[in-house]
Amino acid sequence: MTTKSAHIAGKAFVLGKNVDTDQIIPAAHLVYSLTDPEERKLYGKYALSGVPSSESGLPNGNIPFINGDACESEYSIIVASDNFGCGSSREHAPACLEIAGIKAIISPSYARIFYRNSVDGGFLTPYESVGDLSEAVQTGDELEIDPAIPALVNHTQNTSHRLKPLGSVADIVNAGGIFAYARETGMVPK
Ligand SMILES: CC(C)[C@@](O)(CC(=O)O)C(=O)O
């Protein structure tokens, strides 16, 4: 399990507000095994497949998150508007984004269940932005997250933005999830 709050760098994929779990991974795709090495790749292939094409990558949309028959995205950091991960409690939502190669999400706000699934499952790091950055970043921008500040650096636009500290979930994120954290802290046997 990688240290989830280390320096995360990669290309941005921008989304709007209220991206729900059915847009992230439509219910029809909840049939694949998450433990079978080959089947689990399909979660990456269909990640964000429920996002309306007109909103995919914004501002004028129609930017594919996954190209062709690939199961991994060229993008590593999602920058979205408010209320990311709303809707159902499916853990497949953060899981499919991790399988597709997403390391972190930046949004002003999250649905609580999606946020905790992301952290506790060690799937990806959900950073809260200070304000909505979905119009300050463009899909394809080269980003880097400095966890020490924390801050988002946009190397393409030569800008930087404050992020809210991870706070109480930092130790769980750094451990790579709640089970690793529980073993590390002796809450459960190693
Ligand atoms: C059980 C799962 C398929 C669920 O029904 C759970 C939920 O609705 O929170 C979903 O749609 O994600």
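Quick caveat, the model's predicted, so the values are computed rather than measured. Indexing begins at 1, ligand by ligand and atom by atom, following the structure's order. We use all heavy atoms of the structure for the numbers below, so side chains are in, but hydrogens, waters and symmetry mates are not.
- Among protein heavy atoms, the minimum distance from atom 3 (C) of ligand 1 is reached at Leu30 CD1, 3.7 Å.
- Ser88 CB, 3.4 Å is the protein heavy atom nearest to atom 8 (O) of ligand 1.
- Of the possible polar contacts, none joining the Asp141 side chain to the Val137 backbone as a donor-acceptor pair under 3.5 Å is found.
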Practice item. Begin from the C-alpha positions of Glu74 and Asn67 and carry the test side chain to side chain donor-acceptor pair (under 3.5 Å) through to its verdict. Key: CA-CA 8 Å; Glu74 65 180 284; Asn67 283 307; 3.1 Å; yes
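- At a heavy-atom distance under 4.0 Å, no atom of Asp22 approaches ligand 1.
- Here Asp132 does not pair with Lys17 in a salt bridge; the nearest charged N to carboxylate O distance is not below 4.0 Å.
- Here the side chains of Ile78 and Leu48 are in contact, with some heavy-atom distance below 4.5 Å.
- Atoms of ligand 1 lying under 4.0 Å from at least one heavy atom of Arg90, given by number and element, are 10 (C), 11 (O), 12 (O).
- Remark: atom 1 (C) of ligand 1 lies closer than 4.0 Å to no protein heavy atom.
- At distances below 3.5 Å, not a single donor-acceptor pair connects side-chain atoms of Gln23 with backbone N or O atoms of Gly50.
- Within the 4.0 Å cut-off (strictly below), no protein heavy atom is located near atom 5 (O) of ligand 1.
- Each of the atoms 6 (C), 7 (C), 9 (O) of ligand 1 lies under 4.0 Å from some heavy atom of Ser89.
- Residues Tyr43 and Val31 come closest through the heavy atom pair OH-N, 3.8 Å.
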